[in-house]
Amino acid sequence: MTTIVGDWRRKIIVSDSQYSDDDTGLKYFENKVYKVKDGWFGGAGTQSDIEKAMHWFFGDKKRKPKLKDSNSFLFLNKNGLYSCDNSLEWETVRTFMAIGSGAMAAEVLMRQGQKAENAVLGACNVDLYSSPPIKVFELGKSDGRVWQK
């Protein structure tokens, strides 16, 4: 699936880059966080569901989508960090939030005081569906950057 951490204190979203295709048994590497109006949007779950949710959230689609699989989403803008699941009902995150198959590992590392980049890297070390490169998406920047330890 993925590992994505949003850190409101630092105004960033950090993600791994591995996409896994269980049907073919292949993996490939791509961004999992998308530049949207006023911020960044990231999703963990099925890519088609993530795209449906993103298009609905930003007004491209009028009807709330029906999502097939278990998904979770983060949205970061100047007003805050927000998270939701398939309900598409957003909740404010006041500190940090991890989503995806590596979320528990990343969450533990964040609670121990690690930076989001280290938390995602740590999750990549134990989660089958998460791998570097680690990418950082910062509020106010137009593009993500690859993080190197």
Side-chain angles (χ1 to χ4, degrees), residues 1-58 65 67-78 80-88 90-149:
M1 202 199 284
T2 195
T3 303
I4 301 176
V5 173
D7 186 342
W8 172 241
R9 299 166 300 188
R10 292 180 55 213
K11 314 296 188 274
I12 59 172
I13 294 181
V14 179
S15 76
D16 77 300
S17 298
Q18 178 182 322
Y19 277 86
S20 304
D21 185 341
D22 289 331
D23 293 334
T24 63
L26 298 174
K27 62 183 177 180
Y28 59 97
F29 299 89
E30 189 61 60
N31 286 345
K32 296 181 177 183
V33 176
Y34 307 94
K35 181 71 175 151
V36 293
K37 182 181 177 189
D38 300 326
W40 296 101
F41 179 89
T46 304
Q47 185 61 29
S48 61
D49 281 352
I50 293 167
E51 289 176 10
K52 286 177 195 174
M54 184 171 63
H55 289 297
W56 176 76
F57 181 63
F58 293 102
L67 305 179
K68 293 182 257 179
D69 295 310
S70 178
N71 302 280
S72 49
F73 309 97
L74 290 175
F75 174 58
L76 174 69
N77 70 9
K78 66 179 180 168
L81 175 64
Y82 305 92
S83 71
C84 71
D85 58 14
N86 278 7
S87 70
L88 299 178
W90 293 96
E91 297 179 6
T92 302
V93 176
R94 305 217 187 297
T95 56
F96 57 85
M97 172 71 68
I99 62 172
S101 54
M104 290 303 234
E107 188 84 20
V108 166
L109 292 167
M110 291 292 291
R111 289 175 187 227
Q112 291 179 340
Q114 294 290 320
K115 288 186 175 181
E117 297 90 337
N118 287 324
V120 172
L121 180 61
C124 288
N125 288 328
V126 296
D127 180 50
L128 180 63
Y129 295 105
S130 300
S131 293
I134 308 300
K135 297 194 178 172
V136 179
F137 302 87
E138 187 175 348
L139 201 57
K141 304 283 182 174
S142 62
D143 203 6
R145 63 179 169 80
V146 174
W147 176 76
Q148 300 291 329
K149 185 170 181 167

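Everything quoted here is computed from the prediction, not taken from an experiment. All residue numbers in this chain count up from 1 along the given sequence.
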In short, S15 meets I4 closest at the heavy-atom pair CB-CG1, 3.7 Å

For this session: Ignoring hydrogens and angles, tell me if any N or O in the side chain of N71 forms a donor-acceptor pair with the backbone of N86 under 3.5 Å.
Result: no

For D127, the salt bridge (charged side-chain N to carboxylate O under 4.0 Å, His left out) test, sequence neighbours excluded, returns none

Residues passing the side-chain contact (heavy atoms from CB on, under 4.5 Å) test with L88, sequence neighbours excluded, are A53, W56, K64, P65, L67, F73, C84

**Note, V120 side chain near W147 side chain (heavy atom, < 4.5 Å)** = no

Applied to residues 117-141, the ring pair (Phe, Tyr, Trp, His ring centres under 6.0 Å) test, sequence neighbours excluded, yields W40-F137

Value for CG (L76) from CG (L139), rounded to nearest 0.5 Å, stands at 4.5 Å

If we ignore hydrogens and angles and just use 3.5 Å, is the side chain of D21 paired with the main-chain N or O of L26 as donor and acceptor?
no

Would you say CD of Q47 has more than 12 non-hydrogen atoms from neighbouring residues, nucleotides or ligands within 6.0 angstrom? yes

Are the side chains of F96 and L81 in touch, meaning some heavy atoms are under 4.5 Å apart? no

Nearest heavy-atom contact between T2 and S130 is C-OG, 3.2 Å

Tightest non-hydrogen contact, residues G122 and L109, listed as CA-CD1, 3.7 Å

Side chain to side chain donor-acceptor pair (under 3.5 Å) filter on S131, not counting sequence neighbours, yields Q18

Sequence neighbours excluded, the answer for side chain to side chain donor-acceptor pair (under 3.5 Å) partners of T95 is none

Sorted by chain and number, sequence neighbours left out, side chain to side chain donor-acceptor pair (under 3.5 Å) with Y82 holds for none

Between V5 and M110, is any pair of side-chain heavy atoms under 4.5 Å apart? yes

Smallest heavy-atom separation, M1 atom then S101 atom, equals CB-OG, 3.4 Å

Between the CG atom in N125 and the OG1 atom in T3, the distance rounded to the nearest 0.5 Å is 10.5 Å

Nearest heavy-atom approach of V14 to A116 is CG2-CB, 3.7 Å

**Q.** Backbone N/O of G80 and side chain of N77: donor-acceptor pair under 3.5 Å
**A.** yes

So the salt bridge (charged side-chain N to carboxylate O under 4.0 Å, His left out) pairs with at least one residue in residues 103-121 (sequence neighbours excluded) are R10-E117, E107-R111

Residues passing the side chain to side chain donor-acceptor pair (under 3.5 Å) test with Q114, sequence neighbours excluded, are N118

Here the salt bridge (charged side-chain N to carboxylate O under 4.0 Å, His left out) pairs for residues 133-148, sequence neighbours left out, are none

Sorted by chain and residue number, the salt bridge (charged side-chain N to carboxylate O under 4.0 Å, His left out) partners of R94 (sequence neighbours excluded) come out as none

**Asked** Quick one: are F57 and V36 in side-chain contact, heavy atoms under 4.5 Å?
**Response** no

With sequence neighbours left out, the residues meeting salt bridge (charged side-chain N to carboxylate O under 4.0 Å, His left out) with K32 are D16

Practice prompt. Report yes or no: does D85 contribute a side-chain atom to a donor-acceptor pair with the main-chain N or O of S87 at less than 3.5 Å?
Written response: yes

In this structure, CD1 of I134 is separated from SG of C124 (nearest 0.5 Å) by 4.0 Å

Residue pairs passing the ring pair (Phe, Tyr, Trp, His ring centres under 6.0 Å) test with at least one member in residues 2-36, sequence neighbours excluded, are Y19-Y28

Minimal heavy-atom distance between A123 and A106, with the atoms involved, is CB-N, 4.1 Å

S72 side chain near M97 side chain, heavy-atom distance below 4.5 Å = no

